[in-house]
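Note sheet for the following structure.
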Amino acid sequence: MITERIDAITRIAPERQIAAPPAPRSVKIEVSPRCNYRCGFCALRVREVQPKHDMDIELFRRITREMREAGVEEIGLFYLGESFMAPQLLVQCIRHLKRELAMPYVFLTSNASMAVPQAVEACMAEGLDSLKWSVNAADEEQFERVMGVSARMYRRALENIRSAWDIRKAGGYKTGLYASSIQYDGAQQAAMEALLSSAVRPYVDAHYWLPLYSMGAFATQREETLGYRPTAGNQGRIGALREPLPCWSAFTEGHVTAEGKLSACCFDATANWTMGDLNRNSFMECWNSKSFVALRAAHLRRDVTGTVCQNCVAYSPAPAGSVTVSPPGKRMAG
């Protein structure tokens, strides 16, 4: 099950609770840094200039070969952007991972709006193991307000979710189909349940809930306006929340931008958490770079004062008038 895989990554095993751990089991790579949504809660909104260039395929081939040799077993073909913005490149990446590297598990998360049937089938045919939809709006009005784009994309996304289910069945493909959603409270949650029951759960193998992450200290006025309260850091999924310190993201999963930078944070849209440049150094050199080792040591001490993590909403009290942090295990105010 997908939740078992997620929980295995968000749990820091004893042998990885060291400043210079072995290669992570999983790495997420930003095939495309672009996105067609403008979600109010997303870290991409802090970028002053949105990137236009996707990952270089030769760089991708080299670094994933290094990852496989180091022991990486899972590659996620996304990070912050929407990978179906570059469908041909996405298919190339899957083909390389499955045919040339025999990567055991290749997964992808998408907002579904750009996942047209032809692109989805091409991904499935190349051996994509898991395709998860991110569904976070209960209706067209909420979609336009939160995602910041036309409701046409909302309808298109739901159509693509249904189509993927039919494509898999017709082609006999083995790709797992999943969905996740932010968990709200009250009437908003009831509306989400209605949508999921009618338009999402019938077309996926499993669905699970997520808290609203803080997006690497991205507790902005926009989040306050939307009325959402982020949980501390990235604590994983609802039902298996992890302690914010040490943050699993720095120990168990790699995160690579389209530019080839290795980041310590799963929400690093501003390169503040860059630990190494894969254009210049190997994956393992970056994974256990001097800066990354020092940062992990601070996490293990449970004191990130003076590090790039010190201002994360997980570790500091919210200033007056800002969005407050929900205690671990609590849901957001809707």
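On a predicted model such as this, the values are computed, not experimentally measured, just so you know.
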Subject >> side chain to side chain contact (heavy atoms under 4.5 Å, CB included) assessment of R25 paired with T252 >> reply: CA-CA 7 Å; R25 176 181 173 184; T252 65; over 6 Å; no

Do [X] and [Y] belong together in a cluster built from hydrophobic side chains that touch within less than 4.5 Å?
| X | Y | result |
| --- | --- | --- |
| M124 | V116 | no |
| V91 | V31 | no |
| L77 | I57 | yes |

**OP:** Verify whether the ring centers belonging to F143 and Y37 lie closer than 6.0 Å.
**Re:** yes

Original post:
Cationic tip of R162 within the cone over W133's six-membered ring, i.e. under 6.0 Å and within 45° of the normal?
Top reply: no

**OP:** Return the orientation label for the W209 and H207 ring planes: parallel under 30°, perpendicular over 60°, tilted otherwise.
**Re:** perpendicular

Between [X] and [Y], does any side-chain N to carboxylate O distance fall below 4.0 Å?
| X | Y | answer |
| --- | --- | --- |
| E159 | R156 | no |
| R62 | E66 | yes |
| E126 | K98 | no |
| R168 | D205 | yes |
| R201 | E193 | yes |

Can you confirm whether more than 12 heavy atoms, excluding those of [X], are under 6.0 Å from its [atom1] atom?
| X | atom1 | result |
| --- | --- | --- |
| Q92 | CD | yes |
| Q88 | CD | no |
| R152 | CZ | no |

Original post:
So, E121 and Y173: side-chain donor and acceptor under 3.5 Å apart, yes or no?
Top reply: yes

**OP:** Would you please say whether a donor-acceptor pair under 3.5 Å links the side chains of S32 and E82?
**Re:** no

Original post:
Do the side chains of S26 and E73 get nearer than 4.5 Å, heavy atoms only?
Top reply: no

**OP:** Would you sort out whether D166 and Y203 count as a side chain to side chain contact (heavy atoms under 4.5 Å, CB included), showing the intermediate values?
**Re:** CA-CA 8 Å; D166 294 335; Y203 309 108; 5.6 Å; no

Subject >> Value rounded to 0.5 Å, distance of CG in L195 from CG in D139 >> reply: 8.5 Å

